[in-house]
Number of protein chains: 2
Amino acid sequence: MAEEHLKLENQICFSIYAAAREMTKMYKPLLQKLDVTYPQYLVLLVLWEEDGITVNELGRRLYLDSGTLTPMLKRMETSGLLERKRSPEDERRVIVTLTEQGRNAEKDARDIPFQVIDHLAMDEAELKQFKASLVKALEHLHERNEKS
Amino acid sequence: MAEEHLKLENQICFSIYAAAREMTKMYKPLLQKLDVTYPQYLVLLVLWEEDGITVNELGRRLYLDSGTLTPMLKRMETSGLLERKRSPEDERRVIVTLTEQGRNAEKDARDIPFQVIDHLAMDEAELKQFKASLVKALEHLHERNEKS
DNA sequence: ATAAATTAAATTGTGCACAACTTAATTATA
DNA sequence: TATAATTAAGTTGTGCACAATTTAATTTAT
């Protein structure tokens with residue numbers, strides 16, 4: 001028998017890991033109309049809030065680096081959702097801008113957050129507490145990981 | 001300006017997704033001694049609890065399918081942590097068994113759960129509530145995803 | 001007993017995710 | 001003002017993750 005603390009059911013991090021995967025599976029049918037993956041949907045969420053930002057800024061908000069974003073943005077450019085062009089002021093930077101199609105996609109996304117809340121089946125109070133813990137863990141871990 | 005519900009900061013699922021990734025990064029230095037990835041560590045946790053189970057059973061516990069497990073188990077076999085052999089009673093099944101090295105690795109893992117708790121920086125009550133919400137979301141989503 | 005259905009792994013193909021490195025542009029400094 | 005240091009993207013290589021399909025073994029139903 002394994003050490004009690006090494007049992008899978010006692011691993012909070014396993015719950016996060018598994019919940020994240022089940023969550024992206026849950027999103028799949030909801031994103032069918034948009035024809036994007038969950039990470040691509042996150043890129044759209046950021047650009048709908050603020051269009052014309054750099055790859056770097058996108059990565060800062062999504063906690064992703066260029067190694068992940070560059071190929072993903074290329075796929076999204078190919079599928080017609082956005083454009084990538086070098087900044088004239090600083091040729092190192094690449095500015096990401098939504099196309100007409102990318103902007104219009106927001107309409108099709110409006111109801112997704114409500115469907116997600118339904119699927120989670122938690123009351124407002126629990127959801128609020130849950131999200132607060134998640135954000136706390138996220139920010140704490142991110143800060144820790146940055147330092148080292 | 002984007003619809004309020006479509007703002008990234010209001011997305012509980014983004015918190016799960018990002019926290020899961022920061023969590024695996026946090027584990028990296030803790031797993032260095034074992035020389036395994038986080039998903040491989042989860043396989044070890046299961047086998048330390050019950051050795052000699054099938055790929056199927058492993059997948060049921062970790063919410064992973066053979067498409068993910070088969071290549072991962074092959075890597076772990078190559079690195080000497082486990083063995084894979086067909087069951088004589090049912091040639092379809094593959095039984096996964098720890099090697100001496102795989103069993104011994106448990107000793108090196110004993111202190112990991114405590115280090116993790118430290119890194120999360122939550123008091124016991126919050127941690128308990130947090131995990132309860134995670135497990136609830138996980139099981140609810142899993143059940144939902146199975147059905148469809 | 002044999003054909004049909006089911007089950008367990010493996011395979012194939014696509015898309016992240018990230019560490020480590022490279023390239024090119026900009027900024028800081030001697 | 002050369003040169004060193006820094007910054008921003010991109011590239012390379014490895015390892016998941018999963019849908020869809022394939023292969024082979026076992027069960028079920030005819």
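Chain letters run A, B, ... following the sequence lines, proteins first, then strands; residues in each count from 1. Hydrogens, waters and symmetry mates are skipped; everything else that's a heavy atom, side chains included, is used.
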Give the rounded distance in Å between these two atoms: [atom1] of [X] and [atom2] of [N].
{"X": "B:Leu62", "N": "C:dA9", "atom1": "CG", "atom2": "P", "answer": "14 Å"}
{"X": "B:Arg93", "N": "C:dA9", "atom1": "CZ", "atom2": "P", "answer": "7 Å"}
{"X": "B:Leu73", "N": "C:dT11", "atom1": "CG", "atom2": "C1'", "answer": "15 Å"}
{"X": "B:Gln32", "N": "C:dA19", "atom1": "CD", "atom2": "P", "answer": "12 Å"}

OP1 or OP2 of C:dT7 under 4.0 Å from side-chain N/O of B:Asn56: no

When we call it a touch if two heavy atoms are under 4.0 Å apart, what does [X] touch: a base, just sugar-phosphate, or nothing?
{"X": "B:Leu69", "value": "nothing"}
{"X": "A:Thr37", "value": "sugar-phosphate"}
{"X": "A:Thr54", "value": "sugar-phosphate"}
{"X": "B:Arg84", "value": "sugar-phosphate"}

Is there a donor-acceptor pair closer than 3.5 Å between any side-chain N or O of [X] and the backbone N or O of [Y]?
{"X": "A:Tyr38", "Y": "B:Phe14", "value": "yes"}
{"X": "A:Glu49", "Y": "B:Leu8", "value": "yes"}
{"X": "B:Trp48", "Y": "A:Lys7", "value": "no"}
{"X": "B:Arg86", "Y": "B:Arg92", "value": "yes"}

DNA chain D: 5'-proximal contact among A:Gly67 and B:Tyr63 (nearest heavy atom): A:Gly67

Toward the 5' end of DNA chain D, by each residue's nearest nucleotide, A:Val55 or B:Tyr38: A:Val55

Contact list for residues 53-64 of chain A, test side-chain hydrogen bond (donor to acceptor under 3.5 Å, both in side chains), sequence neighbours left out: A:Glu50-A:Arg61, A:Glu57-A:Arg60, A:Glu57-A:Arg61

B:Val55 versus B:Leu69, closest heavy-atom pair with distance: O-CD1, 3.6 Å

Nucleotides bounding contact with chain B, strand DNA chain D, heavy-atom threshold 4.0 Å: D:dG15 to D:dT26

Ionic contact status for A:Lys74 with A:Glu77, cut-off 4.0 Å: no

A:Asp35, CG: over 12 other non-hydrogen atoms inside 6.0 angstrom: no

Any N/O pairs under 3.5 Å between the protein and nucleotides 21-26 of chain C? List them or say none.
unit_1, atom_1, unit_2, atom_2, d
C:dT26, OP1, A:Glu91, N, 3.1

Evaluation steps, side chain to side chain contact (heavy atoms under 4.5 Å, CB included), between A:Leu138 and A:Leu134: CA-CA 6 Å; A:Leu138 170 58; A:Leu134 276 166; over 6 Å; no

base_contact_polar (C:dA10 base, B:Ser66 side chain, donor-acceptor, <3.5 Å): yes

